[in-house]
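What you see below is based on every heavy atom in this structure, not just the backbone, and it leaves out hydrogens, waters and symmetry mates. Order of the sequence lines fixes the chain letters, A, B, ..., with proteins taken first and strands second; residue numbering starts at 1 for each chain.
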Amino acid sequence: MTHTGSNGTIRPMFGQETSTDRFATAIARALARAGVPLAEREIMQQLAFPQETSFGDYAFPCFSLAKARRKSPDQAAAEVVAALKALPPEPGIASVESRGAYVNFFVDKLAMIRDALLACAKTGPKYGHSTIGNDRTVVIDYSSPNIAKPLSIGHLRSTVIGGALYRIFGALSYRCVGINHLGDWGTQIGTVIAAVKKWMPGASMADSSVRQLAELYARYHAEMAADPSLETEARDWFRKLENADPETVSLWKAFLELTIASLKRAYERVGVRFDSYAGESFFNDKIEPALKELAQRMSGKLVAPPPPGKDGKAPPAKGDAPAAVPVTGPLPRMRESEGALIVDLSDFGMPPCLLRKSDGATLYATRDIAAALYRQQTYGFARAVYVVAADQRLHFRQFFKVLELAGYTWASNCVHVDFGLIRFKGEKMATRAGTVVLLEDVLDRSIELTVEKMRDRRLDPEKQEAIARAVGIGAIIFHDLKHKRVKDVDFDWEQILRFDGETGPYVQYTYVRIASIFKKYAEMRNAQGAGTGAAMEADLADDAKLDRLTDLEEFQMAKLIHRFPAIVEQAAEKYEPSIIAGHLLDCAAAFHRYYRDVDRHKVVSDDLELTKARLLLCSCLKTVIANGLELLGIRTVEEM
RNA sequence: GCCCCCGUAGCUCAAUUGGAUAGAGCAUCGGAUUUCUAAUCCGGUGGUUACAGGUUCAAGUCCUGUCGGGGGUACCA
């Protein structure tokens, strides 16, 4: 079975399929030959990266070995090194030494540089991608806002995390289905209809905006507190909708269309897309059959006849199937209790999962179950991922457990990818309380600030707008994705709009600087009457003299490039885009450190051979940044 | 009440999933620009990893308890 573990990690779905690191493999092989009594795979799992890079590139801790051999760890490490030195050298490994309890390995720097740069240059925009997904389907449910409301900053997390996972899994050759499970049904819809009928009679939807609808909703909700009759009115409207009253239905459809159009504009801005907008209403006619199936599988009993169909006619009578099962002996797990239909989960330390209210209506969990069945049937997913806030943990545990108890083997492939709440000055944000910050307002503000910041740069005014958009919005997305999912975040204008330090603009700026180096190079070549820029970057790998890259900083950049594919896999394995964001920050920092030391590292120089080697290195780092940002949904710009 | 998550520098976060001297950014103090874009770089200050026990060769990480913050907890989604 699958669980979002307590710390948010999830059982590995990759297993042995992860692509291998040739250096780690060589080291494991050598250690096994040198008498470490473990399988090569186990050794590889124990390999670590020393945090102090001068200690080596890979390390093997000898504590457990020492215990087995009844020696001190230092001694064991020394013995291993001695044994290693007696063996023929492994390709790619330059030297080994023991330091305390560790066996530290130094890779052949040139080999690492060559591996990294050639692989990266060869695959270019596909660097970091792989085939481990093998076309298996991953269904990702994310964003999923309610209709007739604009997106708030609270929707940002699900939207960008889901969007990033969509692209990350896609890059690993999973076939992704992005689903926006819109909240387009329920009494809240009745409230909106009631409010519109009351205060906007006769107005056409074309003249109104989602924001207006939201305001009406908030107003209605506020007045409801004083006037309870409004509540029944709202409920009546929803009943009308359920009974397919034509006028009400067309109003509802208008809300839906208006909302989707507005959502699509917002999603386009943050680089997110969906394959399906099948919201709650889509499952209305799938709930009863799903319940019936569940009841059959769990020998449960159905309570209360299904409500009448949309057109008032009786629902298609599919036989009076498994009606009441006599209750004898231990209570069936799925049963009637207090007039409601429940699945008893007390064995698992959870409150019961409610499938039908005592008034016959179905609930959140019922709909999710119907949706899961539908998705399994329709898409045959290998994994269903729900990117939903952490306050829904219990709901997902219950709902997955019910699927499991019903005997659906694929229940173990359902995963709740949870994330911390966005709070506003310590409080949960709520539309009703009016403490919402709208997503689009945040994006706009960020773009404005970017424009201000660009003012003192001499940039082509025509390009300015596009640049400001990419940088401003990128800052917001990156700020969200750089933190681990589990953390709650307090919304703070000052922090979200920060452009210095570990931020999106910092990473984008790295890209800009590298692009600028290439411009400089193109100018130089043109002055010499050499080829054009486009061909230039592509050809670099062919004749680059990589042995000219001898500085430590260059090796360190190559190491980061080399690790990128593993980083992407790790991000998928843990459903954690922040791993990619963190790696990009490392890349950016490594480059800036390198770049600022102009005396030693001027890329474009008179030494053409060295220039080309360095250009290739920079080009690869630029590729990693571009690919990483693209996975996060952030655009790159050539200047800023 | 019970269950779940979180607690690391003044602030926001990392820490290769149990490994070496706990690292970054912001803020603050001090430096670097005739240069391929300073949205940058270098250095200083800043830590009893909430607290108390325990397991282990090794604990920020695992276990128990306490404190603090957040969330959830049968007919909302």
By the 4.0 Å heavy-atom rule, please label [X] as base, sugar-phosphate, or nothing.
X        : value
A/Leu585 : nothing
A/Ala59  : base
A/Leu354 : base

Is there a side-chain polar atom (N or O) of [X] under 4.0 Å from OP1 or OP2 of [N]?
X        : N     : answer
A/Tyr506 : B/C41 : yes
A/Arg593 : B/C42 : yes
A/Lys484 : B/C6  : no
A/Lys487 : B/G7  : yes

[X] side chain, from C-beta outward: closest of [options]:
X        : options             : value
A/Lys67  : B/C6, B/C57, B/A74  : B/C57
A/Leu421 : B/U40, B/G71, B/U35 : B/G71
A/Arg393 : B/C11, B/C26, B/C5  : B/C5
A/Leu394 : B/G72, B/A20, B/C4  : B/G72
A/Asp391 : B/C41, B/G70, B/G72 : B/G72
A/Pro351 : B/C36, B/C41, B/U73 : B/U73
A/Glu502 : B/C36, B/G25, B/A15 : B/G25
A/Tyr364 : B/A24, B/A77, B/C36 : B/A77

**Study point:** Watson-Crick or G-U wobble mate for B/U33, both contacts under 3.5 Å
**Key:**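 Base-paired to nothing in any strand shown.
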Ignoring hydrogens and geometry beyond distance, is the side chain of [X] in donor-acceptor contact with the base of [N] at under 3.5 Å?
X        : N     : value
A/Ser358 : B/A74 : no
A/Gln392 : B/A77 : yes
A/Asn104 : B/A20 : yes
A/Lys482 : B/U12 : no

**Study point:** Most 5' of A/Val103 and A/Val604 on RNA chain B, judged by nearest nucleotide
**Key:**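 Its nearest nucleotide lies further toward 5', so the answer is A/Val103.
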Review point. More 5' along RNA chain B: A/Pro73 or A/Phe63, using each one's nearest nucleotide?
Key: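 Here A/Phe63 is the residue nearer the 5' end.
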Review point. Can you tell me if A/Ser143 and A/Ser158 form a side-chain donor-acceptor pair at under 3.5 Å?
Key: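 Judged by distance alone, the side chains do not pair up.
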Review point. Does the side chain of A/Ser346 come under 3.5 Å of the side chain of A/Asp344 through a donor N or O and an acceptor N or O?
Key: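 Yes, a side-chain donor-acceptor pair sits under 3.5 Å.
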Check your understanding: Going by an N to O cut-off under 4.0 Å, is there a salt bridge joining A/Arg563 and A/Asp21?
Key ->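 Result for this pair is no, no salt bridge flagged.
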**Study point:** A/Arg423 bridged to A/Asp490 by N-O distance under 4.0 Å
**Key:**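 Judged by the 4.0 Å cut-off on N to carboxylate O distance, A/Arg423 and A/Asp490 do not form a salt bridge.
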Exercise for review: Establish, yes or no, whether the cationic atom of A/Lys622 lies under 6.0 Å from the six-membered ring centre of A/Phe518 and within 45° of the ring axis.
Suggested key: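 Judged by the rule, A/Lys622 and A/Phe518 form a cation-pi pair.
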Practice item. Compare the ring of A/Tyr595 with the six-membered ring in the base of B/C36 and state whether they stack (centres under 5.5 Å, planes under 30°). Key: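 Yes, the aromatic ring of A/Tyr595 stacks with the base.
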Review point. Roughly how far, to the nearest 0.5 Å, is the CZ atom of A/Phe105 from the CG atom of A/Leu31?
Key: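 Taking CG in A/Leu31 and CZ in A/Phe105, the distance rounds to 4.0 Å.
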